Amino acid sequence: MLVVFFILAFVAVGTAVSMLVTRSSIYAALFLVLNFATVAVLYLILGAPFIALTQITVYAGSVVVLFLFVIMLLGAERLPGGESLKWQRLVAIGLAIVLSADFGVKMIGENTMLTSVTAPPEGYGAPAEIGKILFTKYAFPVEITAVILLVAVVGAILLAKPDEKPSVREGLRKKMDQEG
Amino acid sequence: MDEKLSPIVTALTERFGCEAQEFRGEISLILPAEKLTGLLQSLRDEFSFEQLVDVTAVDYYPQEAPRFHVVYHVRSLSQGLVLCVRVPLDGNAPSTPTAEGVYPSANWYEREVFDMFGVTFTGHSDMRRIVMPADWQGHPLRKDFPLGYEEVQFTFNFDTVTKRKPQPKE
Amino acid sequence: MIGEVILEALWKGIAVLLFLTAGFAYLTLFERRVLARFQVRLGPNRAGPFGLFQPVADAFKLIFKEELIPSYADKVLFVLAPIITVIPSLIVLAVVPFGGPINLFGKMVNSYVADVNVGILYISAVTSISVYGITLAGWSSNNKYATMGGLRSTAQMISYEIAMGFCFIVPVLLAGSMSLVDIVQHQNETMWYIFMQPGAAVILFITMLAEVNRAPFDMPEAEQELTAGYHSEYSGMKFALFFMAEYIKVIAVSVIFVTLFLGGYHFPFVDQIPVIGPYMGPVVMLAKTMVMLFIIVWIRSTLPRIRYDRLMAFGWKILFPLALLSVLVTAVVVLLV
Amino acid sequence: MDSIPVSYLLALSAVLFVLGILGVLLKRNALVVFMSLELMLNSGNLAFISFARSFEAISAQVVVFFVMTVAAAEVAIGLALMVEIFRTKHSIDLDQMNSLKG
Amino acid sequence: MTDIREVTVDELKHLVSERAAQGETMLLNMGPQHPSTHGVLRLLLELDGEIVVSCIPDIGFLHTGVEKNMEAKNYQQAEVMTDRLDYLHPIGNNLVYCMAVEKLCDLDVPPRAQAIRVILAELTRLGSHLIWLGTSALDLAAMSVFLYTMREREKILDIFELVSGQRMMTTYLRPGGLWRDVPVEFEEAVYKFIDHMPSQVDEYQDLLDQNELFIDRTKGVSVIKSEEAVRWGITGPVLRAGGMAYDLRKALPYSTYEQYDFDIPTRTEGDIYARYAVRVDEMRESLKIIRQALNKLPLGPVRSNNRKYVPPPRSELGVSMEALIHHFKLWTEGFTPPVGSVYAAVESPRGELGVFMESDGSAKPYRVHYRTPTFANLQIMPLLTRGYFVADVVAAIGSIDIVLGDADR
Amino acid sequence: MGVEQKLGNMGVVTTRLEQLVNWSRTNAMWPMLFGLACCAIEMMAAQAANYDMSRFGMELMRASPRQSDLMIVAGRVSRKMGPVLRRLYDQMPYPKWVIAMGDCASCGGVFNNYAIFQGVDEIVPVDVYVAGCPPRPEGLIHGVLTLHDKVNHEKLSKWA
């Protein structure tokens, strides 16, 4: 189990680093997918099959595909990477180190109260269980999320819609008619 | 001559001073290049020759002036008439005004005449070669352009012809 | 104990893979013969008796064909894309039961590779990642036709996935479980879901055709506009993998459809046949799948291709609301009954 | 079967989070910045799931579910914005998005 | 062999929109080897997403130099070339060539020959429409229609083979008549075909007319009305689908078409579906013409008696010295028409097919020019596609029924 | 050009392999959609119901040269088309074959002039010439079968 975890952790960190290092947006998106997939496997190990498969469906199946779609649509495969200001980079790395150190200290300090993960008990994380709690205890958040999604969809449509004439096609036809 | 055609031809010959020829019931009007656009305009607007059927040319090489005749056929769909208009051109840098303004369909026909005979049409919107490759040398339908005949292989010259034939790489 | 479990999963997995690959090979022949019959022709009949070795010939030819990688292509993704396309289509059937529990050498064996309690979610997850192969193939070829094919298929698959997801919910609501084993069992106890919810069944069938890019939704490889679409630049085995993925997906969606709406491996009275009855599950499944495949080929031979903008409008403006409606109706009925 | 200490999982989550921060701070390509954001959300999810397993609390899984939904909504809006910005500026370089009017 | 010379964007700047230079729109090269360009047409499409902004047709990939080659052959030899121009309509090409020569030489054609010409020309029209129907349905991926139409076309080809020995390039029509009389089985074979054919046309219509997808892809797409079509020199079904009932067979009847009773099918919409409907109706009208011509097929000779231009029948060669001399002269030197130029035109399945022929008094034509319908009709491709989708380009190409041999010559 | 280079001389095994591969190549020879002129119509006729080339596994007409094995040059090749044809031939993966269908593709046919290549064998190597103007579908099928015969006699050493 531990071996599996280390392999997965290695892959997850590796893909995350590669995502940051690569200069091609397409490759970055693909590394992100791999990262999500490894994390999904971790979820499976942690007894959350529902969340794991939702993760793959939502993140790998829709979110990153959208990313890829937009990259291809814009033709933005190769754009400048992290060539930003020198001090900004140094500060960022410094902050990262501080954050990691903070985490490490906390982790070592309070390790005792956390248990180890073993095989999950029967029925833990089953869809029925999640569904029950989702629609009773968390019914209100579900509604709010639904509204957020709706707003997002409407907003996305409004944003992506070409603002001028009804459509490019109509405009072209009109222009053609004028020219005769 | 067709009775419907004759008043039209008379009117046109008077107005534009062109020469009318008849052969097998078909009328050809011969007129200089500069009057062409006006003639076509009045043909379309006054005599309802709505459609330009064809533009082509004939090369009378080695005769030099005129060496080319650019031949226009216009058709009246409503009256069922065809009229031929010929424009004689000199052999040296032949050029004539385009009929594109009157009949938009002249665009490709004139490109073809340019491609095949080297007659340029002034005012044409897109004077490029149309059927031959863009880097082709010469104008194939001129009479001084060789047919490009390839020798027929017989037993006696089989090897010599084969030797001349290009062979592709695998 | 654990070794035994792994071994069992292994041989069952291999059995499913063999079924799919052999099925793929003979589906191509089946399609070519049936299509030929629709078109008053004979179809391939020279390779072996009745052309039965035709798939073998195709396979050997493709194996011994030169593999070209265009010089402007993105080499890594160009090679990876066919593999990414094939794998989801191969693993999607892991949760489908092919028959009831059978007695094999004195041991009761279940006829599925795995019974996951989120089986339907597994299917939708796997189908949702199958879009990658096509998108990347189109992009990495560095060919305008291929890129357009890839973009088209991405948009198409994402759009139809939504309606498909809603159609998946209908059996889940009816059976009260996400496990395909439970769904089939419930259909056996009550009736086939296609009789309960014919609307959802039809929508699911249409969306599945679109999801696997079959006629009349074969936009990404619309031969008449995009030459060969996303696999324009592929040759040899890499092309064969795309070919394989496409046909395996067709088999897979047929099997899934049969499982969700046509009662899976059940058929009235078949399991009461003495002696062989319990073993008839896979045979029934195969027969039902064949019927589905025949319908798919029939559609291909009859219908023209839908235009791309109409395809998207159809998915979003017609199928999506209808699927939503059928979920609503099902939910209300399940709640009241 | 041996077990995985939860602290390992949390450490992994922390590392991924830090990498996400680095991406957000250092990258100039808006799309990659977006991806880094997703990575950070994901590492948070991982921590949630670990705690859920550790404390046998199914509620944490539900929270992850919400996070995913909101992330999906965010991506939809963000990418729509990106397309719109690209249409006017012909670039998705963050350094050039410094004016409020396009 | 030269390499492909790439045409730069600069050369085409005046043809594409300004946005192409900035890379906002995509330039897509369709053809010359593309499954749905019906041969070797090349279209340079400027696309905004999936929408066509501009379309630049490039022809000439099948330029055969026929006109030049005909100048090097005498009148009989040159006819062989004409079959291969519009290879879906070979007998019509022969017909218009023969009509031009006959006009040039003032030749008469006996009525039996005229009637057989009509029958064969209409059969060719049917065959051409069948190919068009099949391939343009195939462009919309309705693949079965193609195989059904090819099945019926084989029956037409069998009739051609019966009369001439060749399936496609028959060269059966000759100046002054026919090559020889039709065999006795001809009438029975044609009757059999025209009795059988209407049900087949119904079958095609069953497959397409009720088909929502087909209607969806054809109605309201690539509209061109007749006024604009006339300005652009469009003829044939494309013109008639726009609302103008203009058909050379009615307007300027040739080959005794005036004797037959038939209608000119028209539509007013001018879209792809209208062109489809016009052509399908034309198929039925052609069957009507064939039946009438066959019912009153006159007896008599099939070749003109003018021995200056038409070779004598083989039976005369053994008994008449004069016939032998004519035969020898005609097959060695050829005939010499008077000086002058003529224009003859027929209604081909695609529109007006005309021949401009100039003679300088020698045995070889001084200039032969084919006015081909495809060349004229192809010119409006930019109009037909601008503002529509890429998929509509394919349907539009199919709907104007192009034959590249006809356009490039 | 696939794995065969690595096999070397293995006697009986390779002979069997040779037969098998040649058999598969003849039975799954996918032609490229390459209609040029008149002959293309007869090629279509050969594909269609009455003649049905699909019997030989040839109905999978590929639009992409990458996936085709056989180029049937159906019709005359003009000077403008020649370079395109050669490029398409170069894009096809080995092993590839060419059938020159009809007189024009074989030798220029009746068009002995400036515009037409006097035989497509000036541009690409041709395996089988089919005579006729245009050849009947039977003629094309005979040409294809002749090519099958030729392929069946190919030696393993020739593949690489």
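Every heavy atom of this structure was used, including side-chain atoms; hydrogens, water molecules and symmetry mates were not. Here is the naming used below: chain letters follow the sequence lines, and residue numbers restart at 1 for every chain. Please read all numbers here as calculations on a predicted model, not as lab measurements.
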Side chain, backbone, both or neither of [X] within contact of chain E (heavy atoms, under 4.5 Å):
| X | result |
| --- | --- |
| F:Ala40 | neither |
| F:Met32 | side chain |
| F:Leu36 | both |

Point to revise | E:Arg167/E:Glu154 salt bridge by N-O under 4.0 Å criterion | key: yes
What part of [X] is in contact with chain F, defined as an atom under 4.5 angstrom from a non-hydrogen atom: side chain, backbone, both or neither?
| X | value |
| --- | --- |
| E:Gln77 | neither |
| E:Arg84 | both |
| E:Tyr148 | neither |
| E:Thr149 | neither |
| E:Ile131 | side chain |

Review point. Just one of F:Lys96, F:Arg66, F:Arg86 clears the side-chain contact (heavy atoms from CB on, under 4.5 Å) bar with F:Gln91, so which one?
Key: F:Arg66
Practice item. Count the heavy-atom pairs under 4.5 Å between each of E:Leu157, E:Asp86, E:Asp83, E:Leu147 and chain F, then report the option with the highest count. Key: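 The option with the most such pairs is E:Leu147.
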Check your understanding: Can the ring centroids of E:His63 and F:Tyr114 be said to lie less than 6.0 angstrom from one another?
Key ->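 Between F:Tyr114 and E:His63, which both carry aromatic rings, the centre distance is below 6.0 Å.
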Practice item. Tell me, please, whether E:Phe375 has E:Arg409 positioned over its six-membered ring: NZ or CZ under 6.0 Å from the ring centre and within 45 degrees of its axis? Key: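 Yes, E:Arg409 sits over the ring of E:Phe375.
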Practice item. For a side-chain hydrogen bond (donor to acceptor under 3.5 Å, both in side chains) with E:Thr82, tell me which candidate from E:Thr171, E:Asn94, E:Asn93 qualifies. Key: E:Asn94
Point to revise | Test item: side-chain donor near acceptor, E:Ser128 and E:Arg350, under 3.5 Å | key: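 On atom types as modelled, these side chains qualify, holding a pair under 3.5 Å.
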Check your understanding: Side-chain donor-acceptor pair under 3.5 Å between F:Asn112 and E:Asn69, yes or no?
Key -> no
